[in-house]
2 protein chains.
Amino acid sequence: MLRADAQDNRDRVLDAARALFAERGLGVTMREIARRAGVGPATLYRRFPTRQALVDEAFADELRACERIVEDGCSDPDPWRGFRTVVEELTVLNSRNRGFVDAFMSANPHADAFVAHRAALLRRLVALGVRAQAVDGLRRDYELDDLLLVLMAGRGLASAPSQDRTAAARRFATLAVDALRASDTNAPLPRGASLSTYVLSSAGI
Amino acid sequence: MLRADAQDNRDRVLDAARALFAERGLGVTMREIARRAGVGPATLYRRFPTRQALVDEAFADELRACERIVEDGCSDPDPWRGFRTVVEELTVLNSRNRGFVDAFMSANPHADAFVAHRAALLRRLVALGVRAQAVDGLRRDYELDDLLLVLMAGRGLASAPSQDRTAAARRFATLAVDALRASDTNAPLPRGASLSTYVLSSAGI
DNA sequence: ACGTTAGTGGACGCACCCGTCCACTTGGTC
DNA sequence: GACCAAGTGGACGGGTGCGTCCACTAACGT
């Protein structure tokens, strides 16, 4: 059990970290987080010995939100609608939080808490994709890489001015869905994505 | 006229800068470029007093390539085909060079050589877009922002393993083109992009 | 109320980058 | 071959972030 003041400081550090990660990405310094939280560096390091420990904790909520989005999408009786919802929601989530996609995508094998979650999430997304293809919603030549690209692109949105970031994210998601929709005007996709093998080589998919 | 050995060093510095910018983005330090070129810091600073001067020079070729792509696209008698080509070629260009999009997008008003070129390029892209819409190739609700998003997304490709980066870029570009193609299955795009006003507020478009 | 001990902020040593300066080297010229 | 100015590498002071240490503070149990 933590002493009351320590608990308080811990919370303030987490709040500061979340705010800074969201608005400026994972690049912010530990010092800066400590300053924003109004504590000294020692306090920060005592609670979170490594940057990764702080990142893991700071994004735990986001990760849960992310899992919930995927879960909801997967349990939609119409898999194509579920897929579209997932794309849209994840894009909005990303656009709000600059650090989260970074943390999620660059998760380091054996180094942090994201790896296992990521593997599980992506496995479910693959399954959802297959089902969405089966009902002729999602284009036949879709692969997981294409979704990853869309999510990575969403990162760019997080540097837009904050006022209408969500609106921009929804617009972008709509575009992405149109790109992935099965249609007889679709140009055939050339082979050649490799992002997922790169991102997932560690995750055992 | 530069002394022979000085010219030699200058060339080596530029080569090193190009290589490092391409593979690691604009974040590399001046020191590191100097080390890679096998010269001291003083030599680097003598030739390129500021980082921006080096960036400008290092990307001059890329910038020309970029302009040529847009020019070719604009002079295509079929504007929609021209537009598609531009998307594809620019995406490939981006995927090859991690630093270029950064330099191009984050160009600082009054601070570097990219601003004027950027404004001119984007103006031409706007015009091409309008023409591509007129022939029912490009979707009606397209805006410049959508293209910028695609290009930003392409940056993500530059961190993929290098072997098939180009293939991945072409695949992604094909997806993007499908997203932007006019079709009766297009979902209506919600309003709300704002990237271009953000990127271009300084460029006088 | 008071002692104990977890908790704390600030200071420290280290490493890195920055941009500049200076004494030496060396290419080009006579 | 000898001169000399352009050219050079390395060293320097200033700044910042890192992770750790330590003497003080104050929360909690009695």
Side-chain angles (χ1 to χ4, degrees), chain A residues 1-59 98-99 102-103 106-108 110-113, chain B residues 1-59 98-99 102-103 106-108 110-113:
Chain A
M1 188 51 187
L2 232 45
R3 225 168 68 177
D5 57 340
Q7 182 63 48
D8 211 60
N9 278 339
R10 189 187 143 90
D11 291 346
R12 288 220 307 281
V13 166
L14 271 178
D15 283 349
R18 274 192 267 261
L20 286 173
F21 286 152
E23 78 190 41
R24 308 232 308 270
L26 293 184
V28 292
T29 70
M30 298 291 261
R31 242 46 173 213
E32 205 162 356
I33 295 169
R35 272 196 294 271
R36 169 111 159 207
V39 304
T43 307
L44 181 82
Y45 281 107
R46 164 174 284 256
R47 292 300 152 225
F48 307 98
T50 73
R51 158 180 294 262
Q52 192 59 53
L54 180 56
V55 169
D56 286 351
E57 187 91 15
F59 287 127
R98 185 160 173 174
D102 289 354
S106 69
N108 223 323
H110 315 109
D112 56 58
Chain B
M1 189 52 187
L2 232 46
R3 226 168 68 175
D5 56 340
Q7 180 64 47
D8 212 60
N9 278 339
R10 189 186 144 91
D11 292 346
R12 287 221 306 282
V13 166
L14 271 178
D15 283 349
R18 274 192 267 260
L20 286 173
F21 285 152
E23 79 189 40
R24 308 234 306 271
L26 292 184
V28 292
T29 71
M30 298 291 260
R31 242 48 176 210
E32 205 162 358
I33 295 168
R35 272 196 294 269
R36 169 114 160 205
V39 303
T43 307
L44 182 89
Y45 281 108
R46 165 175 284 255
R47 294 299 152 225
F48 306 99
T50 72
R51 157 181 294 263
Q52 192 58 54
L54 179 56
V55 169
D56 287 351
E57 188 91 14
F59 286 129
R98 185 159 173 175
D102 289 353
S106 69
N108 223 320
H110 314 109
D112 57 59

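Here the structure is a predicted model, which means the values were calculated and not measured. Throughout, protein chains are lettered first and strands after them, A, B, ... in sequence-line order, and every chain is numbered starting at 1.
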Sorted by chain and number, sequence neighbours left out, ring-ring contact (aromatic ring centres under 6.0 Å, His included) with A:Phe59 holds for A:Phe21, A:Phe100
May I ask you to say whether A:Arg47 pairs ionically with A:Glu57, meaning some side-chain N is under 4.0 Å from a carboxylate O? no
Nearest heavy-atom approach of A:Leu54 to A:Met30 is CD2-SD, 4.2 Å
Going 5' to 3' on DNA chain D, which nucleotide is the first and which the last to come under 4.0 Å of a heavy atom in chain A? D:dG17 to D:dC28
Once you round to the nearest 0.5 Å, how far does CZ of A:Arg98 lie from CG of A:Leu20? 12.0 Å
If you take all heavy atoms of A:Ala37 and A:Arg12, which pair is closest and at what distance? O-NE, 3.0 Å
Can you give me the closest heavy-atom contact between A:Leu2 and A:Gln7, atom names plus distance? CD2-OE1, 3.5 Å
Residues touching DNA chain C, which here means a heavy atom under 4.0 Å, drawn from residues 2-20 of chain A: A:Leu2, A:Arg3, A:Asp5, A:Ala6, A:Asn9
State, to 0.1 Å, how close B:Ala16 and B:Ile33 come at their nearest heavy-atom pair, and which atoms those are. CB-O, 3.7 Å
Who passes salt bridge (charged side-chain N to carboxylate O under 4.0 Å, His left out) against A:Arg31, sequence neighbours left out? none
B:Glu23: partners by side chain to side chain donor-acceptor pair (under 3.5 Å), with sequence neighbours left out: none
Indicate the atoms forming the closest heavy-atom contact of B:Ala58 with B:Ala17, along with that distance. CB-CB, 4.4 Å
Those residues of residues 25-50 of chain A lying under 4.0 Å from DNA chain D by at least one heavy atom: A:Thr29, A:Met30, A:Arg31, A:Ala42, A:Tyr45
